[in-house]
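First the structure, in the form of structure tokens, and then the observations on it.
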Amino acid sequence: MSYDFSFLNRKNTDSLKFDFSKERGHRDDCLSYWVADMDFKTAPEILEALHERVNHGIFGYTNIKSHYFEAVSAWMKNHHQYEVKREWLIETPGVVFALATAIKAFTKKGEAVLIQTPVYYPFKNVIEKKNDRKAVTSPLVWEKDENGFGNYSVDYEDFEKKIVDNKVKLFLLCNPHNPGGKSWKKDELLKIAEICLKHNVKVVSDEIHADFVWKPNTHTVFASLSKEVEKITVTCTSPSKSFNLAGLQVSNIFIADENLRKAFWLERERTGYDEPNVLGL
């Protein structure tokens, strides 16, 4: 199968990137490079499946069956060597929605949530502006190697100090890192996990960019580090970045621990969200 990566004209399609610059205080001719979606057509195999569903002609209430989980779990196993169970899966209309749900489920108003800056801006917004929690930052360290290439690393001493000093309950991990492009190595994640386990900090791992890790790097699912780490982790995934499907509003959240899963599920139910987008499925 050959793929066409020609750019399309997206003006006047209600595109956030191309049609809402003015509403956000910019000139109409600005290019919104901060919006993480693509400007070429989605893969023809996906378009074919969508056309088939559209041709069915009914868009009623819909929910997930076993074949959906089989597809998602096979992807996780084959691409990221992580096996998930059916009961772990909770679908949401997006990863940012899942971050907000986790914040409300696992912390109280005024409590601290840790992030590593620079990081995808909704991390801080969803903590402070939307949910009245305290965003605590442990800045990543920018370093150059012997070849002059730059990369981010964790200041583990500062990371732990911020947790202790602020009584942090929850950590939002961006894995791989956005916008730094950092593919975290297993030993780096193990050090983060050790600190979080030591101080009883739950972890929400945003792994929406996992499919963009290029060889020789490999993506490590944070929850896969150990059974102990798995019990404190909410893993957030979605096909939206990998396959340019952000507008179809579907994400797959995996929570192994039953108590965390129940708390997350209850908070999701409080929003009134019940059935995912039929075309997203």
Side-chain angles (χ1 to χ4, degrees), residues 64 68-92 95 98-99 101-102 105-106 114-116 119-120 123 138 140 151-154 156 159-160 163 168-178 180-243 250-265:
I64 64 174
Y68 178 87
F69 172 73
E70 289 163 7
V72 174
S73 60
W75 187 272
M76 292 296 290
K77 182 178 180 179
N78 295 335
H79 290 263
H80 305 301
Q81 295 71 55
Y82 184 54
E83 293 195 39
V84 296
K85 297 180 180 179
R86 172 64 185 87
E87 61 266 25
W88 297 1
L89 174 61
I90 299 178
E91 69 278 4
T92 70
V95 167
L99 298 179
T101 302
F106 306 137
L114 184 67
I115 57 176
Q116 294 172 307
V119 73
Y120 181 48
F123 275 44
S138 178
L140 296 173
N151 210 340
Y152 282 108
S153 63
V154 178
Y156 298 103
F159 184 82
E160 185 167 15
I163 288 174
V168 167
K169 304 291 185 182
L170 186 67
F171 167 49
L172 304 186
L173 169 66
C174 201
N175 175 36
H177 190 75
N178 174 21
K182 169 76 173 184
S183 175
W184 299 110
K185 291 180 170 53
K186 187 174 182 178
D187 65 329
E188 294 173 310
L189 295 176
L190 281 168
K191 290 178 184 178
I192 290 173
E194 181 183 0
I195 295 169
C196 290
L197 286 168
K198 178 181 177 181
H199 298 287
N200 195 28
V201 175
K202 299 175 182 66
V203 180
V204 179
S205 185
D206 173 5
E207 306 194 7
I208 198 169
H209 291 102
D211 297 322
F212 290 101
V213 175
W214 295 349
K215 294 178 180 180
N217 299 299
T218 58
H219 174 68
T220 300
V221 176
F222 187 76
S224 73
L225 294 173
S226 71
K227 290 298 181 184
E228 292 75 20
V229 174
E230 193 173 63
K231 285 178 65 67
I232 65 168
T233 303
V234 174
T235 304
C236 301
T237 74
S238 175
S240 61
K241 303 304 181 188
S242 303
F243 300 104
V250 62
S251 294
N252 301 301
I253 314 304
F254 299 102
I255 310 175
D257 183 76
E258 184 178 3
N259 291 329
L260 293 189
R261 189 167 63 249
K262 285 182 177 178
F264 185 95
W265 181 86

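The figures here come from the full heavy-atom set of this structure, side chains too, leaving out hydrogens, waters and symmetry mates.
- With rounding to the nearest 0.5 Å, the separation of CD in Q81 from OG1 in T218 is 8.0 Å.
- With sequence neighbours excluded, the residues that form a side-chain contact (heavy atoms from CB on, under 4.5 Å) with I195 are Y156, F159, E160, I163, H199.
- Checked by atom type and distance alone, the side chain of N175 pairs as donor or acceptor with a backbone atom of T220 at under 3.5 Å.
- Residues satisfying the side-chain contact (heavy atoms from CB on, under 4.5 Å) test with K85, not counting sequence neighbours, are E87, W88.
- Sorted by first and then second residue, the pairs that involve residues 218-242 and meet salt bridge (Lys or Arg N to Asp or Glu O under 4.0 Å), not counting sequence neighbours, are K227-E230, K231-D257.
- Of all heavy-atom pairs spanning T233 and V229, the tightest one is OG1-O, 2.7 Å.
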Item checked: Criterion side-chain contact (heavy atoms from CB on, under 4.5 Å) on L89 and F254, from CA distance to verdict -> CA-CA 5 Å; L89 174 61; F254 299 102; 3.8 Å; yes
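- Within the 4.5 Å cutoff, the side chain of I232 has no heavy atoms near those of the F106 side chain.
- Side-chain contact check for F171 versus Q116: some heavy-atom pair is nearer than 4.5 Å.
- Residues satisfying the side-chain contact (heavy atoms from CB on, under 4.5 Å) criterion with E194, sequence neighbours excluded, are absent altogether.
- When side chains are defined from C-beta on, P239 counts as touching V250, because their heavy atoms get closer than 4.5 Å.
- Between the side chain of S224 and the main chain of Y82, no donor-acceptor pair closer than 3.5 Å is present.
- In terms of heavy-atom proximity, S183 sits nearest to P176 at CA-CB, 4.5 Å.
- Looking only at side-chain heavy atoms (C-beta outward), V84 and F69 come within less than 4.5 Å of each other.
- You'll find the side chain of T235 reaches within 4.5 Å of the side chain of V221, heavy atoms only.
- Counting heavy atoms from C-beta on, the side chains of L140 and V154 come closer than 4.5 Å.
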Less than 3.5 Å apart, which donor and acceptor atoms pair up between the side chains of residues 184-192 and the rest of the protein, not counting sequence neighbours?
residue	atom	partner	partner atom	Å
W184	NE1	C174	O	2.9
E188	OE1	K185	N	2.8
E188	OE2	K182	NZ	3.1

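- Judged as a salt bridge (Lys or Arg N to Asp or Glu O under 4.0 Å), not a single pair has a partner in residues 199-211 (not counting sequence neighbours).
- Annotation for L170 and V203: closest pair CD1-N, 4.3 Å, computed over non-hydrogen atoms.
- Contacts of E70 classified as side-chain contact (heavy atoms from CB on, under 4.5 Å), with partners at least two apart in sequence or in another chain: S66, H67.
- Between atom OG of residue S251 and atom CD1 of residue I90 there is a gap of 13.0 Å, rounded to the nearest 0.5 Å.
- Side-chain contact check for F264 versus L260: every heavy-atom pair is 4.5 Å or farther apart.
- Nearest heavy atom pair, residue I253 against residue V234, reads CG2-CG1, 3.5 Å.
- Sorted by first and then second residue, the ring pair (Phe, Tyr, Trp, His ring centres under 6.0 Å) pairs involving residues 201-243 (not counting sequence neighbours) are W75-F243, H80-H219.
- Every residue meeting the side-chain hydrogen bond (donor to acceptor under 3.5 Å, both in side chains) condition with S240, not counting sequence neighbours, appears here in chain and number order: S238.
- The side-chain hydrogen bond (donor to acceptor under 3.5 Å, both in side chains) test applied to S138 returns D158, not counting sequence neighbours.
- With sequence neighbours excluded, the residues that form a ring-ring contact (aromatic ring centres under 6.0 Å, His included) with Y152 are W142.
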